[in-house]
Participant: 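The structure's right below; bear with me while I get my questions together.
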Amino acid sequence: MPELPEVDTVRRTLEPFIVGRRIESVEINYGGIIKKPEPAEFIRLVEGRVIRVIKRRGKYLLIQLDAEYTLVIHLRMTGQLTICERNSALSKHTHLIFRFENGRELRFVDVRKFGMVYLIPIGAWHEAGGLARLGPEPLEDEFTLCSFCEIIKGKKGKLKAFLLDQTRIAGIGNIYADEIMFAAGLSPQRQIETLSSKETELLYENIRAKLNEGVEHQGTSIRDYVNGLGEKGGFQHRLKVYDRAGQPCARCGTSLLKATVCGRGTVYCPHCQH
DNA sequence: ACGTTGACCTGTGTGC
DNA sequence: TGCACACAGGTCAACG
């Protein structure tokens, strides 16, 4: 499900409901999503804590508690994190519930159970999967054309693989990778070492533009994605290539093709992308 | 250093 | 309607 714009939207919509709230109790229905510590220890450390702040880093959500611990959550493909009333119907795949004193709760629902939750001491980022190895945030001011050129310089391989590599740039996934490459007129198979400086700049501009557009429209809801209040996003209506195989290219009318690149379904225009 | 594949899970859509 | 199969917003490990 969620790439940078979706995770960012979840963060933004949850914030007013959870910051400053005390977690009265925790219920674990499926312990498999909690990667560390053990469930009993997890509950012991979280219950009674107050949420200080919620941040996003790449596709990870970081929920800072008042006891020098950070809850790190990755939604993977189908994870949802939503605010619900305590008495509202529980969906089938609710694996984790944080209850607040005001009658509301934060629920983690994940059909495919790929999602991951870690509770780690502040700063111990290396204990939370790939969090410590993430590349720069593409929407931050520090991510300049100059810094992008440094990242791409000397690298080899397919453009699509580069965009999906979280250690190069944090937060791009399959949908936005395809949209970025279409907008930049670049083929997913293109070897990055052959990009001209003009093409590199076009790529840089469209990474920023497409991710910003995704954030602005509150993410892409094609299957499971919803924001922190259970609402769908709107970017699915603006997609130019993703999920549009066989439909005409918005730019030239050629039928969009689908292929597997880097093991991922990839849609592109054979006429506009080189 | 790169590329491909399978593993982790469940649900949905397709074609027969 | 049933069944088999492919495929799905991600990442990681194990190969060649």
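Convention: sequence-line order gives letters A, B, ...; per-chain numbering from 1. Model, not experiment: these values are computed from the prediction.
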Participant: Reckon A/Leu164 touches a base, only the sugar-phosphate, or nothing at all at heavy-atom distances under 4.0 Å?
Facilitator: nothing
Participant: Return the value, rounded to whole Å, for the distance between atom CG of A/Asp224 and atom C1' of C/dC7.
Facilitator: 13 Å
Participant: Any salt bridge linking A/Lys153 with A/Glu193? Criterion: basic side-chain nitrogen under 4.0 Å from a carboxylate oxygen.
Facilitator: no
Participant: DNA chain C in dot-bracket, Watson-Crick or G-U pairs under 3.5 Å, [ ] crossing, | other strand?
Facilitator: .|||||||.|||||||
Participant: What is the distance from NZ of A/Lys258 to P of C/dA6, rounded to the nearest Å?
Facilitator: 14 Å
Participant: Could you measure between the two P atoms, the one in B/dA7 and the one in C/dA6, and give it in whole Å?
Facilitator: 14 Å
Participant: If I pick the C1' atom on B/dC9 and the same atom on C/dG2, what distance separates them, to the nearest angstrom?
Facilitator: 23 Å
Participant: According to a strict under-4.0 Å criterion, is A/His74 in side-chain N/O contact with OP1 or OP2 of C/dT11?
Facilitator: yes
Participant: Need one value for A/Tyr242: base, sugar-phosphate or nothing, where a base atom within 4.0 Å counts as base even if backbone is also close, heavy atoms only.
Facilitator: sugar-phosphate
Participant: May I have the distance from A/Ile175 (atom CD1) to C/dA8 (atom C1'), rounded to whole angstrom?
Facilitator: 10 Å
Participant: Can you work out whether A/Leu131 or A/Ser221 has the more 5'-proximal nearest nucleotide on DNA chain C?
Facilitator: A/Ser221
Participant: By ring pair (Phe, Tyr, Trp, His ring centres under 6.0 Å), which residues pair with A/His95, not counting sequence neighbours?
Facilitator: A/Tyr30
Participant: I'd like a table of donor-acceptor pairs (distance under 3.5 Å, sequence neighbours excluded) in which one partner is a side-chain atom from residues 208-216 of chain A, with atom names and distances.
Facilitator:
{"unit_1": "A/Arg208", "atom_1": "NH1", "unit_2": "A/Pro138", "atom_2": "O", "d": "3.0"}
{"unit_1": "A/Arg208", "atom_1": "NH1", "unit_2": "A/Glu140", "atom_2": "O", "d": "2.9"}
{"unit_1": "A/Arg208", "atom_1": "NH1", "unit_2": "A/Phe143", "atom_2": "O", "d": "3.3"}
{"unit_1": "A/Lys210", "atom_1": "NZ", "unit_2": "A/Glu213", "atom_2": "OE1", "d": "3.1"}
{"unit_1": "A/Asn212", "atom_1": "ND2", "unit_2": "A/Arg208", "atom_2": "O", "d": "3.1"}

Participant: Do A/Glu6 and A/Lys59 meet the salt-bridge criterion of a basic N to acidic O distance under 4.0 Å?
Facilitator: no
Participant: Between the side chains of A/Glu179 and A/Arg238, is the shortest nitrogen-to-carboxylate-oxygen separation below 4.0 Å, so that they form an ion pair?
Facilitator: no
Participant: Would you kindly give the CD-to-P distance between A/Gln80 and C/dG10, to the nearest whole Å?
Facilitator: 15 Å
Participant: Heavy atoms under 4.0 Å, any strand shown: does A/Gly219 hit a base, just sugar-phosphate, or nothing?
Facilitator: nothing
Participant: Any Lys/Arg nitrogen of A/Glu137 or A/Arg57 sitting under 4.0 Å from an Asp/Glu carboxylate oxygen of the other?
Facilitator: yes
Participant: So, A/Tyr176 and A/Thr220: side-chain donor and acceptor under 3.5 Å apart, yes or no?
Facilitator: yes
Participant: Which residue pairs satisfy the side chain to side chain donor-acceptor pair (under 3.5 Å) criterion with at least one member in residues 255-274 of chain A, sequence neighbours excluded?
Facilitator: A/Lys160-A/Thr266
Participant: For the pair A/Arg12 and A/Glu15, find out whether any cationic side-chain nitrogen is under 4.0 Å from an anionic carboxylate oxygen.
Facilitator: no
Participant: Rounded to whole angstrom units, what separation is found between the CD1 atom of A/Ile169 and the P atom of C/dT11?
Facilitator: 13 Å
Participant: At under 4.0 Å, does any side-chain N or O of A/Gln166 touch on OP1 or OP2 of C/dG10?
Facilitator: no
Participant: For nucleotides 1-14 of chain B, just jot down a letter per nucleotide in 5' to 3' order: B, S or -, based on protein non-hydrogen atoms under 4.0 Å.
Facilitator: -SSS---BBBS---
Participant: Enumerate the residue pairs fulfilling side chain to side chain donor-acceptor pair (under 3.5 Å) with a member in residues 101-116 of chain A, sequence neighbours excluded, ordered by first and then second residue.
Facilitator: A/Arg21-A/Glu101, A/Thr78-A/Asp110, A/Glu85-A/Arg104, A/Ser88-A/Arg107, A/Arg99-A/Glu105, A/Glu105-A/Arg107
Participant: Find the distance A/His126:NE2 to C/dC12:P and express it as a whole number of Å.
Facilitator: 15 Å
Participant: Nearest whole angstrom, please: distance from the C1' of C/dA6 to the CZ of A/Arg264.
Facilitator: 15 Å
Participant: Taking CG from A/Leu61 and C1' from C/dG10, how many angstroms apart are they, rounded to a whole number?
Facilitator: 15 Å
